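Structure first, commentary second.
On a predicted model such as this, the values are computed, not experimentally measured, just so you know. In what follows, chains carry the letters A, B, and so on, assigned in the order in which the sequence lines appear, proteins first and then strands, with residues in each chain numbered from 1.
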Amino acid sequence: MAKDLTSMTRLGMSFFERDTALVAKDLLGKWLLFKGPQGITGGIIVETEAYLGFNDPACHSVRGCTPRNKVMFGPAGKIYIYLIYGIHYCLNVTTACIEKPEAVLFRAIEPKIGMEIMKKHRKKTKLKELCSGPGKLVQALGINPNLNGSSAIDGPIGFYYDELNPDFEIVTTTRIGISQAKDWPLRFYIKGSKFISRP
DNA sequence: GATTGGATCGCCT
DNA sequence: GGCGATCCAATCG
C-alpha cells in the first residue's frame, strides 16, 4: 500500500546541475513528494517537459529576467511556480547552471501517496483524474504558489528515488500548449503509463 | 495606462 | 473537438 518513505534517497544538487533535457528524462520514474500541512502527497513522475532558456522561444526566460521568472536565473535545484491562464499553477524545477535560466515542467505523476488528501483537493475519486496535467497535479498535491523559489534539495517539495523502479521505455514528443518552437522534441513520458496528461 | 495573450482545465455538443 | 473562465506579466504608447 503506502510506500516506505524511509527507503528512499533524495536527489541532490548534482542531479539538477546537468543538461536540462537529460534531467527531464531522468526524472521519469522518480518520486515527487510534497510535505504539506495536511500530510505527505505525491507519486511517481510519468511526464515532463524541458524548457531551454535563452535558446528556447517557448521558455519564459527567453526575453530576460523579470520578477515572474527570476527563479530560473538563480542556481539549479529551485522550485519555480507560476500562474497560467489566470487560473492554474504549474510546477517546475530549475536545472543546468547559473548562466542558463532553464527548467523542467512537471506535467503528470502517478498518484501514490496521500491519496485521500489529493482526492479531496481535486474533488475527484478516479486516480487518472488526480494528477494528469500540470495544473491538476499542483492542485492535487496542495502545493502553495508561495513555495516559488524554495529549495528542491531540502525544502518541502522534493524528488526521490529507490532501487526498485522497474525498467520502462521513454517516449519523446513535442511540447503541449505552446505556440513557439512547436516542433522541438522536449516532452518526455513513460511509455504505456495510464497517468499521463495525453498521448 | 491600456491591451494582449498565455507551458490549462472542465464542461458543452 | 471547441470554448469560456479569469488574471497577471509583458509590451507598447
Side-chain angles (χ1 to χ4, degrees), chain A residues 16 19-25 27-28 32 34 41 43 45-74 76 78-96 100-111 118-150 152 157 159 170-190 193-199:
Chain A
F16 300 100
D19 175 81
T20 300
L22 191 58
V23 174
K25 277 187 270 193
L27 278 166
L28 296 176
L32 164 60
F34 172 50
T41 49
I45 297 160
V46 297
E47 181 181 347
T48 60
E49 287 179 358
Y51 285 85
L52 305 185
F54 295 127
N55 304 315
D56 182 355
C59 186
H60 290 166
S61 59
V62 71
R63 290 179 194 280
C65 185
T66 68
R68 179 207 206 189
N69 67 22
K70 69 178 180 195
V71 174
M72 274 198 282
F73 287 80
K78 298 286 189 182
I79 298 297
Y80 171 45
I81 301 173
Y82 65 89
L83 177 67
I84 188 66
Y85 297 113
I87 305 179
H88 304 288
Y89 289 95
C90 292
L91 174 71
N92 302 251
V93 65
T94 61
T95 52
K100 293 182 176 179
E102 309 191 352
V104 172
L105 169 70
F106 297 93
R107 290 197 51 91
I109 68 172
E110 177 176 347
M118 295 196 284
K119 287 175 184 174
K120 196 176 296 180
H121 286 156
R122 289 277 301 135
K123 300 182 169 65
K124 304 275 182 188
T125 53
K126 292 180 189 167
L127 293 190
K128 277 192 204 175
E129 297 180 346
L130 290 184
C131 300
S132 55
K136 294 179 189 178
L137 75 86
V138 168
Q139 185 187 21
L141 269 59
I143 291 173
N144 189 311
N146 67 19
L147 290 170
N148 183 46
S150 67
I157 302 171
F159 303 91
I170 295 175
V171 180
T172 302
T173 72
T174 56
R175 294 172 292 184
I176 290 174
I178 56 173
S179 57
Q180 310 264 320
K182 279 176 189 272
D183 55 343
W184 293 20
L186 292 172
R187 172 178 177 247
F188 311 101
Y189 65 86
I190 292 182
S193 171
K194 291 175 286 193
F195 298 95
I196 60 177
S197 64
R198 61 180 85 177

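- At whole-Å resolution of the value, NE2 in A:His88 and P in C:dG4 are 16 Å apart.
- Distances shorter than 4.0 Å separate none of the side-chain N or O atoms of A:Arg122 from OP1 or OP2 on B:dC9.
- Remark: C1' of C:dT11 and NE2 of A:His60 are 15 Å apart, rounded to the nearest angstrom.
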Take A:Ser197 and A:Glu47, measure what side-chain hydrogen bond (donor to acceptor under 3.5 Å, both in side chains) needs, and give me the verdict at the end.
CA-CA 8 Å; A:Ser197 64; A:Glu47 181 181 347; 2.8 Å; yes
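- Contact annotation: A:Lys123 side-chain N/O to B:dG10 OP1/OP2 distance is not under 4.0 Å.
- With its ring centre under 5.5 Å from that of the base six-membered ring and a plane angle below 30°, A:Tyr51 counts as stacked on B:dA7.
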State the dot-bracket string of DNA chain C. Criteria: Watson-Crick or G-U wobble, both atom distances under 3.5 angstrom; notation: ( ) intrastrand, [ ] crossing earlier pairs, | interstrand, . unpaired.
|||||.||||||.
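- In this structure a side-chain-to-backbone donor-acceptor pair under 3.5 Å is present from A:Thr94 to A:Lys78.
- Between C:dA9 and A:Arg63, no contact under 4.0 Å exists linking OP1 or OP2 to a side-chain N or O.
- The A:Arg68 side chain lies nearest to C:dA9 when the options are B:dT8, C:dA9, B:dG10.
- In this structure, CG of A:Leu83 is placed 13 Å from P of B:dC9, rounded to the nearest angstrom.
- Residues passing the side chain to side chain donor-acceptor pair (under 3.5 Å) test with A:Ser132 are A:Lys136, sequence neighbours excluded.
- Set against B:dG10, B:dA7, B:dG6, the side chain of A:Ser179 has B:dG6 as its closest nucleotide.
- Using a 4.5 Å heavy-atom cutoff, the side chains of A:Ile45 and A:Ile190 are not in contact.
- Atom CD1 of A:Ile87 and atom C1' of B:dG5 are 14 Å apart (whole Å).
- Note on A:Leu105: a base of the nucleic acid sits closer than 4.0 angstrom, heavy atoms only.
- Comparing B:dG10, B:dG6, C:dA10 against the side chain of A:Tyr85 picks out B:dG6 as the nearest.
- When the nearest nucleotides of DNA chain B are assigned to A:Lys136 and A:Gly86 by heavy-atom distance, the more 5′-ward of the two goes with A:Gly86.
- Distances from the side chain of A:Arg107 to the nucleotides B:dG6, B:dG10, B:dA7 place B:dA7 closest.
- For the pair A:Glu47 CD and B:dT8 C1', the computed distance is 13 Å after rounding to whole Å.
- Between A:Arg122 and A:Glu129, no side-chain nitrogen of the basic residue sits less than 4.0 Å from a carboxylate oxygen of the acidic one, so the salt-bridge criterion is not met.
- To the nearest angstrom, P of B:dA7 lies 14 Å from CG of A:Leu186.
- A donor and an acceptor atom sit less than 3.5 Å apart, one in the side chain of A:Tyr82 and one in the base of B:dA7.
- A straight line from CD of A:Gln139 to C1' of C:dT6 spans 15 Å, rounded to a whole angstrom.
- For the pair A:Tyr89 OH and C:dA9 C1', the interatomic distance rounds to 13 Å; values are reported in whole Å.
- Judged by the 6.0 Å and 45° rule, A:Arg63 forms no cation-pi pair with A:Phe54.
- Taking the charged nitrogens against the carboxylate oxygens, A:Arg175 and A:Asp56 do have a contact shorter than 4.0 Å, which makes a salt bridge.
- Between A:Tyr80 and A:His60, the two ring planes are perpendicular [angle over 60°; tilted spans 30° to 60°].
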